[in-house]
2 protein chains.
Amino acid sequence: MRQSERRRKILGKLSEAPFASVQDLQNLVGASEATIRRDLRKLADDGALKRVHGGVERPETQTSHLAGTPLARNKQINVVQKRAIARTAAGLIEPGETIVIDGGSTTSLLCPFLADLDLQVLTNSLPIVEQLLLSPRTRLLVPGGEVFREQNIILSPFEEDGTAECFASKILMGAQALSPVGLLQADSILIRAERRLMARAEKVIVLADSTKFERKTGLVLCPLSEIDTVVTDAGISAKSRNMLEKAGVEVVIAED
Amino acid sequence: MRQSERRRKILGKLSEAPFASVQDLQNLVGASEATIRRDLRKLADDGALKRVHGGVERPETQTSHLAGTPLARNKQINVVQKRAIARTAAGLIEPGETIVIDGGSTTSLLCPFLADLDLQVLTNSLPIVEQLLLSPRTRLLVPGGEVFREQNIILSPFEEDGTAECFASKILMGAQALSPVGLLQADSILIRAERRLMARAEKVIVLADSTKFERKTGLVLCPLSEIDTVVTDAGISAKSRNMLEKAGVEVVIAED
DNA sequence: CCTCGAAACGCTCATATACAATCATTATAC
DNA sequence: GTATAATGATTGTATATGAGCGTTTCGAGG
């Protein structure tokens with residue numbers, strides 16, 4: 001088997017399973033152990049995977065924006081719940097509205113449910129732009145600025161980003177975590193972009209599966225009081241729900 | 001077997017299978033190994049295929065998601081010349097420069113040749129953004145505005161599009177036609193976008209295969225005198241060349 | 001906490017294949 | 001007919017692969 005095909009298969013295997021032993025891969029591609037190891041070393045050098053004793057794992061951070069971004073990996077976690085949340089959140093949108101969609105693994109799932117709503121959508125997320133391009137009934141707006149590869153978003157270093165004239169009824173956004181101190185996000189670049197977008201929308205709707213209430217770490221994007229609605233799944237604890245409602249946040253539970 | 005027929009068959013083979021070994025191709029076209037390898041080197045230089053140890057694969061730069069759009073259809077005409085023009089035009093760019101790239105079927109072909117030049121690129125073309133995202137050494141800037149599906153570009157209806165602070169040494173653009181009255185473009189939306197971008201660059205470089213000098217129809221984007229350089233192929237007539245040089249335009253002929 | 005065995009690993013070498021460079025020959029254009 | 005380009009064979013070099021062997025790592029059991 002050719003080298004390129006072998007390596008492609010190895011990467012493919014890793015996209016299915018989080019771990020693969022050298023023997024697994026040997027059976028998969030039919031090469032000798034030495035050859036497999038050479039492939040693994042090369043791929044690890046490229047950052048496409050991480051070597052561990054006994055085999056390989058997915059890497060911590062991948063910069064290839066196709067298969068391996070943190071976003072793509074994150075996407076595989078809780079997909080079912082996230083999709084249900086996305087469907088419910090899309091139900092909160094009226095046909096013909098102008099909305100803002102912030103980039104993220106959860107919000108990307110919104111796109112299929114928005115196709116026929118004749119929306120005007122402002123987003124800084126390139127994956128979302130790509131998906132919504134397929135819905136001819138959606139008008140798409142993007143801010144100007146620099147493209148950040150890791151987050152796959154556009155962010156202007158300046159105040160003026162070409163969207164000054166755009167004002168939306170709602171913004172849909174994701175979160176790293178939701179804690180009493182507010183909405184937490186992992187990345188300071190994301191935070192800058194999101195603050196900018198939030199200023200363009202009247203109501204703030206946050207999509208967050210219930211695991212987001214267990215996490216506590218991140219950078220504070222805004223206090224809970226600035227959030228109007230949180231869409232989550234049935235796994236949310238009474239305590240977390242109480243926390244949100246005390247802060248004046250409407251809680252919507254997505255049905256599977 | 002003629003050279004052109006051989007190369008056509010090689011490309012045809014690759015459109016069927018994702019990989020072809022040198023021996024496969026040898027059986028296919030009946031030439032010696034050395035000749036096949038020469039063909040492969042040329043085709044790989046043009047970016048039409050990717051060489052791997054043992055044979056060739058399809059290049060990765062195939063934009064799948066807009067098959068069928070006018071742009072995608074246009075792309076198939078004169079690909080070889082256009083790629084040669086793109087390669088030559090890329091040679092006019094210095095490492096580290098800040099440049100503007102206008103969307104279009106010819107300018108899209110530039111991307112593979114720009115990957116390692118550490119450029120800062122401002123473009124309103126989504127396909128170009130997508131391709132250049134794969135080159136981590138390139139900084140990408142986009143203007144803000146609405147996404148126009150047919151042309152696959154971003155265009156702001158307002159003056160301010162978030163790129164006011166960006167000024168480039170060169171703009172690379174395509175054309176519908178080049179006639180004595182000036183550079184012609186087919187679409188009024190394109191014209192608005194291009195005028196905006198031209199204002200951000202010092203030198204104007206136009207990529208136009210020689211068939212563009214036969215056409216006469218379109219909307220005038222600018223007079224020839226505003227163009228600094230035209231990169232074209234050897235098919236340009238003496239008359240057309242004279243027309244350009246009289247207007248003070250430098251003419252560069254791309255080598256195959 | 002230490003020891004020990006098995007598995008995993010890296011290294012080196014031998015071999016096979018693929019590749020690039022060169023040169024002589026043939027086809028093609030002018 | 002000559003000049004130029006294209007082709008094919010040859011030779012040396014580079015790369016890929018698999019096997020052997022000493023070393024390291026891991027985990028179980030004392």
Side-chain angles (χ1 to χ4, degrees), chain A residues 1-14 16-60, chain B residues 1-14 17-60 79-81 83-85 87-88 112-113 116 210 233-238 241 253-256:
Chain A
M1 187 181 296
R2 287 171 297 114
Q3 187 182 73
S4 56
E5 187 182 346
R6 236 173 28 229
R7 297 187 178 171
R8 198 156 7 93
K9 283 200 179 182
I10 290 174
L11 291 177
K13 175 77 177 177
L14 261 193
E16 298 167 13
F19 172 85
S21 73
V22 175
Q23 279 205 359
D24 290 344
L25 299 173
Q26 215 172 333
N27 296 332
L28 181 70
V29 305
S32 75
E33 192 183 311
T35 299
I36 301 282
R37 290 191 191 286
R38 270 185 283 254
D39 285 341
L40 299 187
R41 200 172 312 164
K42 177 66 171 58
L43 292 170
D45 277 350
D46 292 347
L49 51 79
K50 181 182 160 195
R51 299 195 66 183
V52 294
H53 199 85
V56 287
E57 292 178 346
R58 294 183 190 146
E60 295 297 328
Chain B
M1 187 180 295
R2 294 194 324 278
Q3 188 182 68
S4 58
E5 186 182 348
R6 234 173 32 228
R7 297 189 178 172
R8 194 157 25 83
K9 282 201 178 181
I10 290 174
L11 292 177
K13 175 76 177 178
L14 261 193
F19 171 85
S21 72
V22 176
Q23 280 205 358
D24 290 344
L25 299 173
Q26 216 172 331
N27 297 334
L28 180 71
V29 304
S32 74
E33 189 184 313
T35 299
I36 301 282
R37 289 191 190 285
R38 270 185 283 255
D39 286 341
L40 299 187
R41 203 174 312 164
K42 175 64 173 60
L43 292 169
D45 274 352
D46 290 347
L49 51 78
K50 181 180 156 198
R51 298 194 67 181
V52 296
H53 199 88
V56 289
E57 292 180 344
R58 292 181 192 146
E60 293 170 18
V79 200
V80 180
Q81 277 139 320
R83 201 165 352 234
I85 291 170
R87 181 153 33 89
T88 305
F113 304 111
D116 297 322
S210 56
D233 58 78
I236 184 176
S237 70
R241 183 167 188 160
I253 307 292
E255 305 286 334
D256 272 344

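Reminder, nothing fancy here: chain letters follow the sequence lines and each chain counts from 1.
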Counting only N and O atoms by type, is there a donor-acceptor contact under 3.5 Å from the side chain of [X] to the main-chain atoms of [Y]?
| X | Y | answer |
| --- | --- | --- |
| R58(A) | F19(A) | no |
| D233(B) | G235(B) | yes |
| D24(B) | S21(B) | yes |
| T35(A) | A31(A) | no |

Whole Å only: how far is the [atom1] atom of [X] from the [atom2] atom of [N]?
| X | N | atom1 | atom2 | answer |
| --- | --- | --- | --- | --- |
| L40(B) | dA6(D) | CG | P | 16 Å |
| K42(A) | dT15(D) | NZ | P | 13 Å |
| D39(A) | dA16(D) | CG | P | 10 Å |
| L25(A) | dG18(D) | CG | P | 14 Å |
| E33(A) | dA6(C) | CD | C1' | 13 Å |
| E5(B) | dT28(C) | CD | P | 13 Å |
| I36(B) | dA6(D) | CD1 | C1' | 13 Å |
| R2(B) | dA5(D) | CZ | C1' | 16 Å |

Checklist entry - Any ion pair linking R41(B) and D45(B) (charged N to carboxylate O, less than 4.0 Å)? => result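 Answer for the salt bridge query: no.
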
Next on the checklist: Please determine whether a side-chain nitrogen of the Lys or Arg among R2(A) and E5(A) lies less than 4.0 Å from a carboxylate oxygen of the Asp or Glu.
Outcome noted: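 Yes, charged N to carboxylate O under 4.0 Å.
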
Item to check | H53(A) side chain, from C-beta outward: closest of dT25(D), dC19(C), dG8(D) | outcome: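 Nearest nucleotide to the side chain: dT25(D).
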
Next on the checklist: Among dC9(C), dT17(D), dA20(C), which nucleotide has an atom closest to any side-chain atom of R37(A)?
Outcome noted: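 Per side-chain heavy atoms of R37(A), the pick is dC9(C).
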
Return no unless some side-chain N or O of [X] is found under 4.0 Å from OP1 or OP2 of [N].
| X | N | result |
| --- | --- | --- |
| T35(A) | dG18(D) | yes |
| R6(B) | dT7(D) | yes |
| Q3(A) | dT17(D) | yes |

Checklist entry - Quick one: the side chain of R38(A) and the base of dG10(C), do they pair up donor-acceptor inside 3.5 Å? => result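 No, no donor-acceptor pair under 3.5 Å.
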
Checklist entry - What is the nucleic acid contact for R51(B), judged by heavy atoms within less than 4.0 Å: base, sugar-phosphate only, or nothing? => result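 The residue R51(B) makes sugar-phosphate contact but no base contact.
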
Checklist entry - Taking it one step at a time, do S4(A) and E57(B) satisfy side chain to side chain donor-acceptor pair (under 3.5 Å)? => result CA-CA 9 Å; S4(A) 56; E57(B) 292 180 344; 2.4 Å; yes

Item to check | Inter-axis angle, terminal five-pair segments of the helix from dC1(C)-dG30(D) to dC30(C)-dG1(D) [nearest 10°] | outcome: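 The helix from dC1(C)-dG30(D) to dC30(C)-dG1(D) shows an end-to-end axis angle of 40°.
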
